[in-house]
Amino acid sequence: MLNSFDYEVYYALKKEIEKQRETINLIPSENIVSKNVLKVVGSVFTNKYAEGYPGKRYYGGCKYVDMVEKIAIERACKLFNAEHANVQPHSGSQANMAVYFSVLKPGDKILAMDISSGGHLTHGVKVNFSGMFYKTSFYSVDRDTELIDYEKVREIAIKEKPKIIVCGSSSYSRTIDFEKFSEIAKEVNAYLLCDIAHIAGLIVANLHPTPVKFSEFVTSTTHKTLRGPRGGLILCKEEFKERIDSIVIPGIQGGPLVHVIAGKAVAFKEAMTEKFKNYQKQVVKNCKKLCQELKERRYRIVSDGTDTHLFVVDLRNKGLTGLEAQDILEKVGIITNKNLIPFDSLSPNITSGIRIGTPCITSRGMKEKEMVKIADFIDETLKNRDNEKILKEIRRKVRRFADEYPIYPE
Ligand code: DSN
């Protein structure tokens, strides 16, 4: 028993379970996997080494590992209508790394969205390998609309002549026109990488256009809206299959996490169901509702709204930084993350905004009426940030409220 053998780890796990149950998690990149996913990720597949690919491993004893990886590949291709899938990347970052390494040389040029507009670390940010190895130019959202200005992206692409254009985002709340990106990439003879880590689940449910037919490479994580285990995924055209596969292993990874690949396979099957599509619809409905409720309480929303599972709140008119708001909300059991707003004057460690998303709370069965309640909790908390007594009372209410929506009901 873990409890008697290793009380320290047991305790941390127990408290994490309690915390997940008693709090309202609004982090858009997190979710709650099904019991089936949890089961295979915690299974004996973790005992197995399987460097290589199905049928071409460096180890014996891979019969069932081959079986499960093939299933995961086939399901990923079917789910996204892709020509090839590599299900081995340990994370979204490794998926992006594999794509860059497969077609770029050190010093080549990337064009990507800047981080304050919603871009990701691995989209050429200086402190990340992608910014160290490659020369990045960035496009931003338009200052007034806070939307992507495709004409501006085109102008930068023509001027900079990148070898690869990266689109997709960690905090852009609006629909991305992948077809337009593809036209721009073609015009400047660049590859197109669409990073759909955040919106993969919405794409599967036809709530966001798919980039698969428009781009050479699509990368994703499997644990955000897609609601699978923590990991990465690459989809590519058949012509890049060998390059991608050989970059993932032996290029940048060793043994695949077979237990996680099995979890991905189960999650892909779940994502093919009507239940999953309805879940995604509710994620977006909840997000729009929560966004609207906060607007009515005079919160400024970046780009004035959302088309997806997330939005960013600009807190400058409330006299708060993102860090302060994140900390105060956490005191009452509302989990968010501080986030840069476009052209933010504050650092990424402080920020002027918080990012809010609805995948987790929707997985717990919450609907529009619960969004009204959550908007009230947020507003009351931030308004009473200096009143410990009121904050304690809100904490009690949040705990009672969250307890009504069990993480694993059945
Ligand atoms: N860190 C992830 C997010 O929270 O959006 C992106 O990788």
Side-chain angles (χ1 to χ4, degrees), residues 20 23-33 89-100 110 112-131 136 138 141 166-174 176 193-203 208 211 217-235 252 257 260 264 267 283-284 287 302-303 306-313 322-323 325-326 329-330 334-342 344 347-351 353-363:
Q20 290 195 14
T23 57
I24 299 170
N25 183 1
L26 298 175
I27 295 180
S29 46
E30 294 180 5
N31 212 328
I32 300 166
V33 297
H90 300 331
S91 68
S93 297
Q94 306 251 251
N96 286 344
M97 181 185 262
V99 170
Y100 296 143
I110 299 180
M113 189 186 240
D114 86 277
I115 205 157
S116 81
S117 294
H120 187 250
L121 260 183
T122 56
H123 297 178
V125 176
K126 232 197 269 165
V127 292
N128 180 260
F129 80 90
S130 56
T136 320
F138 293 105
V141 291
V166 185
C167 61
S169 147
S170 285
S171 59
Y172 186 69
S173 64
R174 298 301 191 161
I176 296 174
L193 162 59
C194 302
D195 180 341
I196 60 165
H198 266 267
I199 54 172
L202 306 189
I203 288 173
H208 191 292
F217 306 103
V218 174
T219 54
S220 187
T221 53
T222 45
H223 50 270
K224 297 189 174 92
T225 50
L226 200 49
R227 211 172 154 185
R230 190 159 292 279
L233 170 70
I234 304 171
L235 307 170
I252 61 170
L257 307 176
V260 178
K264 289 174 187 173
V283 167
V284 175
C287 196
V302 170
S303 88
T306 178
D307 303 322
T308 63
H309 63 299
L310 65 77
F311 57 89
V312 176
V313 184
L323 177 61
Q326 177 188 304
L329 288 169
E330 186 158 354
I334 297 175
I335 314 295
T336 60
N337 73 283
K338 60 182 183 284
N339 208 93
L340 293 169
I341 60 168
D344 209 323
S347 80
N349 292 324
I350 312 281
T351 82
I354 47 169
R355 190 177 61 153
I356 287 185
T358 50
C360 267
I361 52 177
T362 311
S363 289

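We number each residue from 1, following the sequence as shown. Remember, it's 1-based here, ligands and their atoms both numbered in the order they're listed.
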Query - Under 3.5 Å donor-acceptor, Thr219 side chain and Asn96 backbone - result: no
Query raised in the report: Is His198 close to Leu310 at the side-chain level, that is, under 4.5 Å between some pair of heavy atoms?
Result: yes
Query raised in the report: What's the shortest distance from atom 2 (C) of ligand 1 to any protein heavy atom, and which residue and atom give it?
Result: Lys224 CE, 3.9 Å
Query raised in the report: What atoms of ligand 1 come within less than 4.0 Å of a heavy atom belonging to His120?
Result: 6 (C), 7 (O)
Query raised in the report: What do we get for Glu30 next to ligand 1 when only non-hydrogen atoms under 4.0 Å count, side chain, backbone, both or neither?
Result: neither
Query raised in the report: Can you list the ligand 1 atoms lying under 4.0 Å from a non-hydrogen atom of Ser170?
Result: 5 (O), 6 (C)
Query raised in the report: If only atom types and distance count, is the side chain of Asn31 paired as donor or acceptor with the main-chain N or O of His223 below 3.5 Å?
Result: no
**Report entry** For His198, atoms of ligand 1 separated by under 4.0 Å from a heavy atom
**Finding:** 3 (C), 5 (O)
Query raised in the report: Under 3.5 Å, is there a donor-acceptor pair between the side chain of Ser117 and the main chain of Val141?
Result: yes
Query - Atom indices of ligand 1 within 4.0 angstrom of Ser29 heavy atoms, with elements - result: 3 (C), 4 (O), 5 (O)
Query raised in the report: Side chains of Ser303 and Arg174: do they bring a donor and an acceptor to under 3.5 Å?
Result: yes
